[in-house]
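Accompanying notes for the structure given below.
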Amino acid sequence: MKTPVILKDILISDIADEGKSVARHEDMVIFLTGGVPGDIADVQLFKKKKNYAEGKVIRVVKPSDKRTAPFCEHFGTCGGCKWQDMKYSEQLLFKQKQVENAITRIGKIQGVPVQPIIGSMEERYYRNKLEYSFSSKRWLFDFEVNDEHTPDTLKALGYHIPGRFDKVLDIRNCYLQPDPSNQIRLAVKDFTSAYYTYFDPRQHTGYMRNMFIRNTLDGQFMVIVVFAEDDSSTREPLLEHLLGKFPEIVSMMYVINRKKNDSIADQEVLLYRGEDHLVETMEDLKFRIGPKSFYQTNPAQAYTLYKITRELACLTGTETVYDLYTGTGTIANFVARNAKKVVGVEYVEEAIVDARINSEMNGIHNTVFYSGDMKDVVNDAFVEKNGRPDVIITDPPRAGMHEDVIRVMLKAEPQKIVYVSCNPSTQARDLSLMTEAYNVTRIQPVDMFPHTAHVENVVLLERKSNEATA
């Protein structure tokens with residue numbers, strides 16, 4: 001919009017699927033950044049279509065009783081934890097409503113109550129992995145724009161500003177990962193800011209690029225520092241400094257990334273000292289977590305999620321189970337002792353290597369794992385080779401499942417399907433393709449990410465009788 005439009009005293013009434021707040025003005029729906037349902041606010045529109053608009057809250061005139069004071073100094077700028085200004089109990093109600101809306105409106109499933117959402121045991125310091133970026137040009141606040149800055153005062157180690165690949169917010173304190181995560185990041189910034197160059201994503205210059213910090217529930221840490229060049233004379237003093245300062249670091253690793261983009265998926269992660277992995281414990285099982293491994297980022301709540309999955313599968317020890325999108329085989333190994341055989345499938349070959357190691361490490365001998373594109377691997381020949389599944393557990397990415405995968409699942413005719421999803425909308429879309437042959441009998445949302453709009457949902461589908469589907 002060429003001319004900004006400001007609307008006064010607008011009532012914010014709801015939350016949309018992706019966490020934006022919702023208001024209405026005359027016959028127009030407005031999706032807003034900022035605001036809590038119940039707020040009366042002044043809003044600015046920056047995009048207007050025929051019957052909806054997008055904008056942002058510029059002033060809260062009368063605050064909602066659902067509001068609470070944000071606890072993080074970076075709230076509203078870094079782009080994470082966008083719901084910190086809403087009471088956690090209210091967040092859970094809106095997540096519950098999000099699941100209910102998806103199931104009924106997209107999935108067209110009626111008459112199946114959504115169980116009360118299970119909130120996260122921890123609202124802060126619940127994550128086990130964070131990624132930070134170095135930048136030679138940090139984000140400047142309005143009050144800083146006209147100040148004089150030296151190159152060192154412009155350096156940042158933190159998170160990218162939403163929508164800005166070239167601007168990083170320098171983080172002083174983050175409430176997502178337990179200590180000493182903050183202290184490690186600050187120690188790196190303190191050690192490097194005077195004598196090390198930070199990366200400029202526009203010019204593709206600078207030495208310090210990224211840093212990953214992973215941890216386990218028992219307090220062990222893995223640190224991976226990403227450098228733009230292979231220079232041991234500058235790399236080793238930093239890594240030695242961290243090892244000497246933080247005994248919690250049991251795995252010190254690094255990457256030399258000379259590419260223009262930051263992804264390390266295609267890069268070799270090199271061990272400097274310690275172990276090349278962490279080990280997380282769940283019940284009496286141990287799970288190996290490598291530098292590139294996928295593992296649920298809220299491990300305490302992941303245990304809740306997996307227990308629900310196992311409960312809904314209701315295994316007796318005689319079943320063949322397929323675990324689709326198995327990742328590093330966490331769910332597969334978690335349920336294996338209750339099944340006759342578990343067959344895991346995952347796109348990422350490195351994850352499948354970890355899955356096999358996890359089975360071996362736990363003395364589990366009734367699992368088998370395959371890697372490849374799900375729609376290509378899971379076909380009629382696959383089912384014939386591995387046996388018809390009695391139960392299928394599926395935990396796909398946010399995009400949901402490919403129709404070809406759903407088609408093979410339906411043809412395999414398992415008695416039960418347990419569908420774990422991090423996106424209720426795509427889950428509901430997939431469920432609508434299964435309800436001719438299956439009844440949805442249990443719906444259980446689980447909150448894994450407090451102060452965000454994200455919600456996990458577990459659905460149990462049970463096969464209809466042959467007479468009912470005939």
Side-chain angles (χ1 to χ4, degrees), residues 17-18 98-99 102-103 105-109 263 265-266 292-296 305 309 312-313 320-332 335 342-355 367-440 443 445 448 454-464 469:
D17 284 352
E18 296 302 317
Q98 178 185 338
V99 172
I103 292 292
R105 295 179 183 179
I106 301 173
K108 308 299 182 186
I109 297 164
S263 171
D266 57 348
K292 298 181 185 179
S293 296
F294 172 79
Y295 193 85
Q296 286 282 0
L305 185 73
T309 301
L312 296 188
T320 295
V321 179
Y322 284 10
D323 180 27
L324 307 184
Y325 310 91
T326 190
T328 56
T330 316
I331 292 178
V335 304
V342 181
V343 181
V345 187
E346 168 61 40
Y347 178 77
V348 181
E349 171 63 32
E350 289 173 320
I352 288 299
V353 172
D354 282 341
T367 57
V368 59
F369 296 98
Y370 298 87
S371 65
D373 192 316
M374 202 69 54
K375 65 180 175 56
D376 298 328
V377 173
V378 183
N379 51 32
D380 293 343
F382 181 89
V383 173
E384 184 176 348
K385 177 180 178 180
N386 290 282
R388 189 172 299 278
D390 301 293
V391 177
I392 291 179
I393 299 172
T394 181
D395 185 5
R398 289 188 62 78
M401 294 191 292
H402 194 282
E403 283 192 34
D404 288 351
V405 178
I406 296 175
R407 195 174 298 114
V408 173
M409 287 171 57
L410 294 176
K411 193 172 181 180
E413 298 184 341
Q415 289 303 306
K416 296 177 184 177
I417 298 172
V418 183
Y419 191 152
V420 183
S421 174
C422 59
N423 186 341
S425 295
T426 56
Q427 181 188 47
R429 177 203 67 201
D430 294 344
L431 293 176
S432 70
L433 301 176
M434 304 183 202
T435 51
E436 184 175 337
Y438 287 83
N439 290 316
V440 172
I443 305 167
M448 303 283 286
H454 299 297
V455 60
E456 297 268 340
N457 192 43
V458 188
V459 172
L460 173 63
L461 300 99
E462 297 185 86
R463 182 162 178 76
K464 297 177 180 179
T469 57

Exercise. Answer yes or no: does atom CZ of Arg398 have more than 12 heavy-atom neighbours from other residues, nucleotides or ligands under 6.0 Å?
Key: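 More than 12 heavy atoms, drawn from other residues, nucleotides or ligands, come within 6.0 Å of this atom.
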
Quiz prompt | Atom CD of Glu349: over 12 foreign heavy atoms under 6.0 Å | solution =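 It does: Glu349 CD has more than 12 such atoms within range.
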
Locate the shortest heavy-atom distance separating [X] from [Y]; write the atom from each residue and the value.
{"X": "Tyr322", "Y": "Gly387", "value": "OH-O, 2.5 Å"}
{"X": "Ser263", "Y": "Asp266", "value": "O-OD1, 3.7 Å"}
{"X": "Ala102", "Y": "Ala428", "value": "O-CB, 3.1 Å"}
{"X": "Gly327", "Y": "Ala355", "value": "O-CB, 4.3 Å"}
{"X": "Ser293", "Y": "Thr328", "value": "CB-CG2, 4.0 Å"}
{"X": "Ile352", "Y": "Ser371", "value": "CG1-CB, 3.7 Å"}

Looking at side-chain heavy atoms only, is the closest gap between [X] and [Y] below 4.5 Å?
{"X": "Asp390", "Y": "Gln415", "result": "no"}
{"X": "Leu410", "Y": "Tyr438", "result": "yes"}
{"X": "Phe382", "Y": "Val345", "result": "yes"}
{"X": "Tyr325", "Y": "Val405", "result": "yes"}
{"X": "Tyr347", "Y": "Asp373", "result": "yes"}

So does [Y] get a backbone contact from the side chain of [X], meaning a donor-acceptor N/O pair under 3.5 Å?
{"X": "Glu350", "Y": "Lys292", "answer": "no"}
{"X": "Asn379", "Y": "Asp376", "answer": "yes"}
{"X": "Lys464", "Y": "Thr435", "answer": "yes"}
{"X": "Asn457", "Y": "Pro424", "answer": "no"}
{"X": "Thr326", "Y": "Glu346", "answer": "no"}

I need the [X] [atom1] to [Y] [atom2] distance, nearest 0.5 Å.
{"X": "Leu305", "Y": "Glu456", "atom1": "CG", "atom2": "CD", "value": "5.5 Å"}
{"X": "Asp430", "Y": "Ile417", "atom1": "CG", "atom2": "CD1", "value": "10.5 Å"}
{"X": "Ile331", "Y": "Gln296", "atom1": "CD1", "atom2": "CD", "value": "7.5 Å"}
{"X": "Asn439", "Y": "Glu462", "atom1": "CG", "atom2": "CD", "value": "8.0 Å"}
{"X": "Leu324", "Y": "Ile392", "atom1": "CG", "atom2": "CD1", "value": "5.5 Å"}
{"X": "Met401", "Y": "Thr426", "atom1": "CE", "atom2": "OG1", "value": "9.0 Å"}

Quiz item: Taking Val455 as the fixed residue, which of Ser421, Cys422, Pro445 is the one that meets the side-chain contact (heavy atoms from CB on, under 4.5 Å) rule?
Solution: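 It is Pro445; the other options fail the test.
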
Quiz prompt | Passing option when Ile443 is tested against Val99, Leu460, Val458 for side-chain contact (heavy atoms from CB on, under 4.5 Å) | solution =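 It is Val99; the other options fail the test.
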
Quiz item: With sequence neighbours left out, what residues match Tyr419 under ring pair (Phe, Tyr, Trp, His ring centres under 6.0 Å)?
Solution: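 Tyr419: no ring pair (Phe, Tyr, Trp, His ring centres under 6.0 Å) contacts found.
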
Practice problem: Report the residues that fulfil side chain to side chain donor-acceptor pair (under 3.5 Å) with Tyr370, sequence neighbours left out, ordered by chain and then residue number. | Solution: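 Checked Tyr370 against side chain to side chain donor-acceptor pair (under 3.5 Å); matches are Asn386.
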
Practice problem: Output yes when Glu413 and Arg388 qualify as a salt bridge under the 4.0 Å nitrogen-oxygen rule, no when they do not. | Solution: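 Arg388 and Glu413: not salt-bridged.
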
